[in-house]
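The structure under discussion appears below in the form of structure tokens.
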Amino acid sequence: APRVLSGIQPTADSFHLGNYLGALRQWVALQDSHEAFYCVVDLHAITVKYEAEALRRRSKVSAAQLLAMGVDPERSTLFLQSHVPEHAELAWVLGCLTGFGEAGRMTQFKDKSSKQGADATTVGLFTYPILQAADILLYTPTPGPGERVFHVPVGEDQRQHLELTRTLAQRFNHRFGDTFVAPEAYIPQGAAKITDLQEPTAKMSKSASSPQGIIDVLEEPGPMRKKIMRAVTDTGSEVTFDEENKAGVSNLLRIFAALDGSSIEDLERRYEGSGYGQFKKDLAEAVLDTFGPIRERTQKLLDDEAELERILARGAERASAVAAGTMDVVRERVGFVGRG
Ligand code: ATP
Ligand code: MG
């Protein structure tokens, strides 16, 4: 089976609807056709301001949510990035193959750093895409007989980072001999970019959105309904898709369609003349139908911490076996002396 790798940052106490519809739902589906490696990228999470105890809690909650959504630890490798030190090691090597200007062109860095100001911005945030490249390339099988396709499911917001990963793979291969398969970006069918409920032209984001702008997977039904009812729309009353003039309503339509499998046209017809209120009420129920069971399963998983730790230890062991093999080849190719 082709391999797939993807990661998510433990930067909040819950994942959000954008993570779910743009990425995590596809992680679950891809297990049927792929050998999957799914990583909670805690090394990435320390590139921005954080607290140690919060990070530890969030890493566990993240893993529990992935399991609750259907990531199956029997079929797939689920692990924490910091359990596999080869991620940081390969990132160093790749960083030494990356131009300073090249890294400076990453738009996510420009966005995130301009919001924080230069003194609050870490060098780690700058080199973030290089660590992401290492995450991916550690698990790319070396080309040759039995070569396998390698997929990385990402949202639109990660396309540029994946392009850098491809460039670094090719640069490494060119300089040191064929080592990595350049991964294919795979933006799965039906993966939707979800925007902030209060600021519908900005992406819904764990770290950048206000609480009112985010729909959390683990949110209680009451507050969740309220938030959706208060989502920014416009002064009109027609439930129609118009990205330019009705960004808020268009975002809600995209969410509704992704959750209940209807087309946007179907929904426009269904809510013709009914105003925003009924539409939002039904949307809230659709969200709760999806997230209610996930919330309950997550809670159960968190109640048995020993079992969760056991699952993560096994995932780390499987990931390490692959990552160590890749790093042996990399160390040799770049000219480091073997330990004998
Ligand atoms: P942060 O604000 O800390 O960067 P995030 O919400 O962007 O958090 P990530 O952990 O960076 O989440 O990304 C996890 C996955 O979710 C990625 O594959 C990313 O493409 C996807 N994703 C993030 N936000 C959205 C969104 N608003 N719509 C669709 N997909 C998204
Ligand atoms: Mg992000």
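First listed ligand is number 1; within each ligand, the first listed atom is number 1.
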Worksheet, complete the sentence: Among non-hydrogen protein atoms, atom 27 (N) of ligand 1 lies closest to I194 O, 2.7 Å
Item to complete: Under 4.0 Å from a heavy atom of A23: give me the atoms of ligand 1 that qualify, with their elements.
Response: 15 (C), 16 (O), 18 (O)
Worksheet item: So, does Q108 sit close enough to ligand 1 that a heavy atom of it is under 4.0 Å from the ligand?
Response: no
Worksheet item: Hey, mind stepping through R270 and D260 against salt bridge (Lys or Arg N to Asp or Glu O under 4.0 Å) and telling me if it holds?
Response: CA-CA 13 Å; R270 198 185 307 167; D260 101 331; 3.5 Å; yes
Practice prompt. Could you tell me whether R171 and E102 have a side-chain N and a carboxylate O separated by less than 4.0 Å?
Written response: yes
Discussion item. Check for me whether the distance between the ring centres of H34 and F150 falls short of 6.0 Å.
Written reply: no
Worksheet entry | Distance from atom 20 (O) of ligand 1 to nearest protein heavy atom, with residue and atom | D157 OD1, 2.6 Å
Worksheet item: By number and element, which atoms of ligand 1 are closer than 4.0 Å to a non-hydrogen atom of G22?
Response: 29 (C), 30 (N)
Worksheet item: Is a salt bridge present between R314 and E317, judged by a nitrogen-to-oxygen distance below 4.0 Å?
Response: no
Practice prompt. Check each atom of ligand 1 against the heavy atoms of I8 and keep those under 4.0 Å away; list them by number with element.
Written response: 10 (O), 14 (C)
Worksheet item: In terms of the angle between their ring planes, are F126 and F100 parallel, tilted or perpendicular, with boundaries placed at 30° and 60°?
Response: tilted
Practice prompt. Starting from atom 13 (O) of ligand 1, locate the nearest protein heavy atom and write down its residue, its atom name and how far away it is, to 0.1 Å.
Written response: N19 ND2, 4.0 Å
Item to complete: Inspect the contact between R310 and E307 and indicate whether a charged nitrogen and a carboxylate oxygen are less than 4.0 angstrom apart.
Response: yes
Worksheet item: Where is the nearest protein heavy atom to atom 3 (O) of ligand 1: which residue, which atom, and how far?
Response: T11 OG1, 2.9 Å
Fill in: Proximity flag K112 to ligand 1, non-hydrogen atoms under 4.0 Å
yes
Practice prompt. Between K203, H161, K206, flag the one that comes closest to atom 25 (C) of ligand 1 by a heavy atom.
Written response: K203
Worksheet item: Do NZ/NE/NH1/NH2 and the carboxylate oxygens of E219 and K227 come within less than 4.0 Å?
Response: yes
Worksheet entry | Minimum non-hydrogen distance to atom 2 (O) of ligand 1, winning option of A12, S207, G18, S62 | S207
Worksheet item: By number and element, which atoms of ligand 1 are closer than 4.0 Å to a non-hydrogen atom of Q9?
Response: 1 (P), 3 (O), 4 (O), 10 (O), 11 (O)
Discussion item. Under 4.5 Å between side-chain heavy atoms, counting indirect links through other Ile/Leu/Val/Met/Phe/Trp/Tyr residues: same cluster for F291 and V71 or not?
Written reply: yes
Worksheet item: Should you measure from each heavy atom of Q158, which atoms of ligand 1 turn up under 4.0 Å away?
Response: 20 (O)
Practice prompt. Check A192 against ligand 1 and report side chain, backbone, both or neither, counting heavy atoms closer than 4.0 Å.
Written response: backbone
Discussion item. Taking 4.0 angstrom as the limit and counting only heavy atoms of H16, give me the atoms of ligand 1 inside it, by number and element.
Written reply: 6 (O), 24 (N)
Discussion item. For D42 and H83, which I'm curious about, is there any donor-acceptor pair between the side chains at under 3.5 Å?
Written reply: no
Practice prompt. Enumerate the atoms of ligand 1 whose separation from the nearest heavy atom of K193 is less than 4.0 angstrom.
Written response: 28 (N), 29 (C)
Worksheet item: Salt bridge between D32 and R75, side-chain N to carboxylate O under 4.0 Å?
Response: yes
